[in-house]
There are 2 protein chains.
Amino acid sequence: MKVTRKSDYGLRALCTLAQRYNQEPVSIGQLSAEHKIPEPFLEKIMQELREHGLVEATHGRGGGYLLKKRPSAISLREIVHALDGPIALVTCLDPSLKCAIEDGCPTSPVWEIVNQKLEEYLGSLTLSDVMDLTHRPLSGEGDRVSGKVKVS
Amino acid sequence: MKVTRKSDYGLRALCTLAQRYNQEPVSIGQLSAEHKIPEPFLEKIMQELREHGLVEATHGRGGGYLLKKRPSAISLREIVHALDGPIALVTCLDPSLKCAIEDGCPTSPVWEIVNQKLEEYLGSLTLSDVMDLTHRPLSGEGDRVSGKVKVS
DNA sequence: CCAAAATCCGAGTGAAATACTCTGATTTCA
DNA sequence: TGAAATCAGAGTATTTCACTCGGATTTTGG
Ligand code: FES
Ligand code: FES
């Protein structure tokens with residue numbers, strides 16, 4: 001039950017792009033330095049984000065990446081989908097590998113529900129939310145879940 | 001973002017134990033046959049479930065496994081914890097590997113929240129819920145999420 | 001126009017996690 | 001006493017992950 005490093009790295013990079021929204025493009029060099037991410041790895045990640053339309057790139061001198069939508073219009077769900085693919089908590093839920101059993105399978109209905117819930121929740125969190133949380137270091141140690149960010 | 005096969009298999013096995021709650025113990029042979037799970041693998045899984053107190057075993061002839069609590073008192077969370085360990089969506093959240101950065105890390109607050117949400121939700125689903133869902137094959141195709149099972 | 005700065009692209013590699021096996025010991029009961 | 005079951009721990013195979021490499025392409029500054 002883990003999100004891959006690709007998604008974590010990708011999210012971090014997108015955070016700095018969000019800060020610099022509407023400014024100059026940011027290069028892989030800068031991004032990887034800021035977040036201590038191996039350059040060639042981040043390069044791949046940014047490519048995938050571009051292919052999925054979350055980000056756009058400009059070549060050559062002074063080039064780099066820019067967000068393609070406003071931070072509040074990019075959800076964690078999109079990011080994770082772009083980098084890890086759609087969430088399939090168990091292999092049977094993978095749309096490309098339709099399972100044979102299916103009927104009467106005791107577990108698939110639950111996993112499907114949890115899966116759905118997770119996607120919903122990730123869909124409700126945007127890059128703006130992430131930025132808000134970063135600079136508001138969990139005040140008071142109460143349950144952060146019902147803190148600042150909207151909760152189902 | 002996957003649950004391991006161990007957890008999926010374990011859940012299936014626990015389902016049949018739930019059906020036979022308060023009856024004769026069920027052997028690995030029976031369980032693995034019913035769910036098409038490789039016997040020696042399931043053996044390991046049942047051992048772990050016993051070590052975590054979800055199940056108890058009786059040796060020798062006619063032996064096998066029994067639930068140690070009523071089905072409505074066993075949550076998905078417990079099961080997943082027993083077999084996959086506590087949920088740590090990103091490595092930084094793993095309590096055994098406390099991260100150095102932490103302060104000002106842009107992503108960890110969000111992942112922590114999602115992590116918490118997930119645990120909460122899995123904690124709210126019990127073996128009874130799973131059984132109910134199994135024999136009620138998603139009537140009407142509506143959003144199953146707010147169907148029969150309690151939702152946050 | 002050219003060289004430097006950047007992204008693009010596809011293939012390839014090493015390590016780690018996962019999924020599962022094997023062997024033998026131990027307990028129980030007919 | 002021996003068959004049926006779990007127990008225990010080490011071992012192996014496969015897949016996924018995390019990351020690299022080499023070279024092509026695009027853009028811009030000088
Ligand atoms: S085994 Fe595939 S749906 Fe359950
Ligand atoms: S890198 Fe460890 S908390 Fe963010």
Side-chain angles (χ1 to χ4, degrees), chain A residues 1-13 17 24-33 35-66 68 80 83-85 87-92 94 96-97, chain B residues 1-13 17 24-33 35-66 68 80 83-85 87-92 94 96-97:
Chain A
M1 201 81 101
K2 273 192 174 13
V3 106
T4 62
R5 244 167 242 256
K6 258 163 70 177
S7 284
D8 189 21
Y9 287 165
L11 178 56
R12 289 190 214 179
L17 292 196
E24 297 298 292
V26 188
S27 74
I28 300 237
Q30 295 174 265
L31 290 171
S32 74
H35 297 293
K36 309 262 174 52
I37 304 171
E39 254 190 69
F41 193 26
L42 183 58
E43 194 181 327
K44 280 299 177 207
I45 293 171
M46 297 312 290
Q47 273 177 37
E48 288 189 63
L49 289 175
R50 180 184 48 84
E51 283 159 10
H52 285 84
L54 296 183
V55 112
E56 68 188 341
T58 57
H59 284 224
R61 250 206 166 77
Y65 294 91
L66 283 174
K68 217 170 169 183
V80 171
L83 297 173
D84 288 0
I87 295 175
L89 278 184
V90 292
T91 41
C92 286
D94 191 325
S96 59
L97 282 68
Chain B
M1 202 82 102
K2 272 191 176 12
V3 105
T4 63
R5 244 167 240 261
K6 259 164 67 178
S7 284
D8 189 20
Y9 287 165
L11 178 56
R12 290 189 212 179
L17 292 194
E24 297 297 294
V26 189
S27 74
I28 301 238
Q30 294 174 266
L31 290 171
S32 75
H35 297 292
K36 309 261 173 55
I37 303 171
E39 253 190 70
F41 193 26
L42 183 57
E43 195 182 325
K44 279 300 176 209
I45 294 171
M46 298 311 290
Q47 274 177 34
E48 287 189 63
L49 289 175
R50 179 183 48 85
E51 284 158 9
H52 284 82
L54 296 182
V55 112
E56 69 188 340
T58 57
H59 284 226
R61 249 208 167 75
Y65 293 91
L66 283 173
K68 218 171 170 181
V80 171
L83 297 173
D84 287 0
I87 294 175
L89 278 185
V90 292
T91 41
C92 286
D94 190 326
S96 60
L97 282 67

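Residue numbering restarts at 1 for every chain, and letters A, B, ... go by the order of the sequence lines.
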Exercise for the section: Evaluate the side chain to side chain contact (heavy atoms under 4.5 Å, CB included) criterion for residues L66(B) and T58(B): first the C-alpha distance (whole Å), next the side-chain angles of each, then the deciding distance (0.1 Å), finally the verdict. Expected result: CA-CA 8 Å; L66(B) 283 173; T58(B) 57; 5.5 Å; no
Between [atom2] of [N] and [atom1] of [X], the distance in whole Å:
X	N	atom1	atom2	result
Q30(B)	dA5(D)	CD	C1'	11 Å
D8(B)	dC20(C)	CG	P	11 Å
E48(B)	dC20(C)	CD	P	14 Å
L83(B)	dC20(C)	CG	P	14 Å
E51(B)	dT6(D)	CD	P	15 Å
D84(B)	dA19(C)	CG	P	8 Å
K6(A)	dT20(D)	NZ	P	14 Å
L42(A)	dA6(C)	CG	C1'	14 Å

Exercise for the section: May I ask you to test the L31(A)-R12(A) pair for a side-chain heavy-atom distance under 4.5 Å? Expected result: no
Selection from [options] that lies nearest to any side-chain heavy atom of [X]:
X	options	answer
R50(A)	dC9(C), dC7(D), dT6(D)	dC9(C)
F41(A)	dT7(C), dA8(D), dA18(D)	dA18(D)
Y9(B)	dC20(C), dC7(D), dA5(D)	dC20(C)

Practice task
Please confirm whether the backbone N or O of V3(B) pairs with a side-chain atom of D84(B), one donor and one acceptor, at under 3.5 Å?
Solution key: no
Handout entry: Footprint string (nucleotides 22-30 of chain C, 5' to 3'): B base within contact, S backbone only, - free, heavy atoms under 4.0 Å
Key = -----BB-S
With a cut-off of 3.5 Å and sequence neighbours excluded, list every side-chain donor-acceptor pair involving residues 43-51 of chain B.
from	atom 1	to	atom 2	distance (Å)
E48(B)	OE2	K6(B)	NZ	3.0

Exercise for the section: Could you check L83(B) against H52(B) for side chain to side chain contact (heavy atoms under 4.5 Å, CB included), going step by step and ending with a plain yes or no? Expected result: CA-CA 9 Å; L83(B) 297 173; H52(B) 284 82; over 6 Å; no
Exercise for the section: Step by step, work out the side chain to side chain contact (heavy atoms under 4.5 Å, CB included) result for T91(B) and R5(A). Expected result: CA-CA 9 Å; T91(B) 41; R5(A) 244 167 242 256; 3.8 Å; yes
Completion exercise
By side-chain contact (heavy atoms from CB on, under 4.5 Å), E24(A) pairs with (sequence neighbours left out) none
Problem - Pairwise 5' ranking along DNA chain D for G63(B) and V3(A), keeping only the more 5' one - result: G63(B)
Problem - Residue closer to the 5' end of DNA chain C, Q47(A) versus E39(B) (nearest nucleotide) - result: Q47(A)
